[in-house]
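Data first, discussion second: the structure below is written as structure tokens.
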Amino acid sequence: MLHIQNTLSGKKELFTPIHPGKVNMYVCGMTVYDYCHIGHARVLVVFDVITRYLRKIYGADNVTYVRNITDIDDKIIARAIENGEDINTLTNRFIAAMHEDADALGVKCPDIEPRATEHMDEILQMIQILIDKGLAYQGDNGDVYYQVSKFSTYGQLAKRNLDDLQSGSRVEVEQSKRDPMDFVLWKMAKEGEPSWDSNWGKGRPGWHIECSAMSTNCLGDHFDIHGGGLDLKFPHHENEIAQSEGCTGHKFVNYWIHNGFVRVDDEKMSKSLGNFFIIREVLQSYAPEVIRYFILSSHYMSPLNYSDENLDKAKASLTTLYQALLDIDSVDENADDSALDEQSDYTKRFEQAMDDDFNTPMAIAVLFDMSHELNRLKSTDVQQAGVLAAQLKRLAELLGLLENNAQQFLQGSCSEGGLADDEINALIEQRATAKQEKNWSECDRIRDVLDAEDILLEDTAEGTRWRRK
RNA sequence: GGCUGAAUGGCAGAAUGGCUAUGCAGCGGAUUGCAAAUCCGUGGACCUCGGUUCGACUCCGGGUUCAGCCUCCA
């Protein structure tokens with residue numbers, strides 16, 4: 001039985017879909033004006049795993065995963081001007097880059113990936129309803145605002161009331177707002193900015209209304225799960241609730257899931273602090289699966305400290321797992337007994353961990369237990385080892401891990417100026433000859449040469465194998 | 001200032017009112033020409049002060065420290 005920590009209630013709750021057997025989930029995606037950093041990677045990976053697990057429980061076709069793209073906002077406009085680039089060219093470029101990064105990390109495509117600019121009609125409709133209901137107004141400057149004080153439960157998600165919020169306000173108040181907390185739904189276009197026609201004049205939507213409109217349009221006005229980074233909880237998600245529930249008069253989302261931040265030196269990784277690491281840069285030094293493992297090695301709500309040290313550890317841990325799979329991937333990949341698998345203690349423990357609010361560190365611990373048994377089995381019962389290996393891979397797949405060929409993962413790929421595979425193999429051949437002649441000093445010399453190139457050798461009964469450090 | 005959430009062994013990171021997390025690193029042993037990998041074994045922790053309890057790292061309260069939000073942010 002799946003339990004989810006619901007930000008709305010602050011409690012871990014049994015998950016019950018609105019429509020039995022079907023799950024609808026919306027996650028706030030990226031604003032596409034720059035490359036994705038590791039913080040973005042975390043949202044991508046976390047909700048990818050959540051989706052994988054939901055699909056496992058409810059069936060692949062019964063889960064609808066929507067992750068939007070914000071392709072119009074101030075930052076995008078500013079960046080386009082800065083680059084002297086057309087806005088669409090800019091956003092398309094970064095959407096493509098985001099997809100490349102997601103692919104590399106093994107993140108599967110969402111079922112629907114709506115773009116704000118493609119949902120302008122729904123956005124306009126929603127704003128009109130809010131105005132008609134007296135929840136929104138047009139200010140003197142032409143901008144349309146949501147009147148927060150008219151929505152009695154405002155602050156329910158952030159667990160703050162309006163007084164709390166206002167007392168801490170550190171932003172200059174726009175004078176055409178009736179209340180400092182009111183937020184913009186429609187912004188009048190300035191000269192030369194992209195704009196859409198509306199009842200209130202040429203302009204563009206505020207960020208919050210985009211998500212309300214897109215989610216409702218894709219999933220209906222009441223759906224199961226809404227996710228995103230913790231930093232979106234307030235005001236973004238709070239405002240989404242105000243907008244959507246203001247429009248419909250009923251509940252918007254049942255379960256809110258927020259993932260924690262990635263930190264650098266105990267500080268939030270963010271664009272504004274400038275302490276961010278771009279995914280594609282990190283991929284120069286670490287295999288994508290290492291990043292994925294690193295992200296999943298802590299619970300999705302906990303803070304996650306980004307450092308080379310921690311990525312190195314992630315790599316070492318993954319290496320251990322892959323070592324267990326070595327010499328075995330070809331054995332019994334398909335000939336597994338899934339009936340047996342369903343009952344197995346490992347599967348049970350793994351699912352218990354995942355059922356408990358997607359506890360991936362605990363699930364990974366089960367994977368390690370399996371790998372140890374697998375190593376034992378390899379020398380005693382090859383048949384059983386094959387079955388267990390298949391089971392291990394099947395469970396790991398729910399996390400998007402161990403999907404590579406073990407040997408390929410361990411050997412990695414040749415870095416610039418490094419030894420190519422055939423050069424390595426040639427040296428190993430030489431060493432094998434020396435070995436036969438029991439010329440140990442020559443053996444060690446060759447091993448040292450390879451070691452200097454970050455190639456590690458392992459002598460086994462079947463011969464010598466190697467991997468890159 | 002207000003609000004929210006954290007504090008676990010050398011590091012990373014879970015669970016749990018009484019019983020092994022797990023990984024990396026360390027130590028001892030097996031194995032190996034020597035290593036590596038693997039296996040077997042092993043040391044080491046629960047921020048602080050009170051309270052509840054037969055018993056608390058785990059529940060409650062105070063304190064300290066840290067992070068986040070109250071602006072754009074995943």
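Chain identifiers are assigned alphabetically (A, B, ...) following the order of the sequence lines, protein sequences preceding nucleic acid strands; residue numbering begins at 1 within each chain.
Pairing partner, rC3(B): rG68(B), with both Watson-Crick or wobble hydrogen-bond distances short of 3.5 Å. Remark: rU42(B) base-pairs with rG26(B). Criterion, Watson-Crick or G-U wobble with two distances under 3.5 Å. In this entry rU58(B) has no Watson-Crick or G-U wobble partner, no candidate having both defining distances under 3.5 Å.
Between Glu403(A) and Lys393(A), no side-chain nitrogen of the basic residue sits less than 4.0 Å from a carboxylate oxygen of the acidic one, so the salt-bridge criterion is not met. Residues Arg280(A) and Glu100(A) are paired through a salt bridge, judged by an N-O separation under 4.0 Å between the basic side chain and the carboxylate.
Applying the 4.0 Å criterion to OP1 and OP2 of rC11(B), one finds that Asn310(A) has every side-chain N and O outside that range. At least one side-chain nitrogen or oxygen of His372(A) sits closer than 4.0 Å to the OP1 or OP2 atom of rG23(B).
Partner of Tyr300(A) under the side chain to side chain donor-acceptor pair (under 3.5 Å) criterion, chosen from Asn259(A), Asp357(A), Thr360(A), Asn359(A): Asp357(A). The side chain to side chain donor-acceptor pair (under 3.5 Å) test with Asp327(A) is passed by exactly one of Gln407(A), Lys378(A), Arg465(A): Arg465(A).
Distances from the side chain of Arg447(A) to the nucleotides rC39(B), rG33(B), rU22(B) place rG33(B) closest. Candidate nucleotides rC11(B), rA37(B), rA74(B) were compared by shortest atom distance to the side chain of Val43(A), and rA74(B) ranks first.
Among the protein residues, Val262(A) comes within range of the nucleic acid bases, having at least one heavy atom under 4.0 Å from a base atom. Within the nucleic acid shown, Gly228(A) comes within 4.0 Å of sugar-phosphate atoms alone, with no base atom in reach, counting heavy atoms only. Counting any heavy atom pair closer than 4.0 Å across all strands shown, Leu457(A) reaches a base atom. Within the 4.0 angstrom heavy-atom criterion, no nucleotide atom of any strand lies near Asn161(A). At the heavy-atom level, Arg160(A) lies under 4.0 Å from base atoms of the strands shown. Among the heavy atoms of the strands, none lies under 4.0 Å from Gly10(A). Nucleic acid contact class of Asp459(A) (heavy atoms, under 4.0 Å, all strands): base.
A straight line from CG of Leu304(A) to P of rC66(B) spans 21 Å, rounded to a whole angstrom. When the P atom of rC11(B) is taken as reference, atom CG of Asn305(A) falls 13 Å away, rounded to whole Å. Remark: C1' of rU4(B) and CG of Asn6(A) are 15 Å apart, rounded to the nearest angstrom. Atom pair Phe261(A):CZ and rA6(B):C1' shows a separation of 13 Å (rounding to whole Å applied).
A donor N or O paired with an acceptor N or O is not found under 3.5 Å between the base of rC3(B) and the side-chain atoms of Lys159(A).
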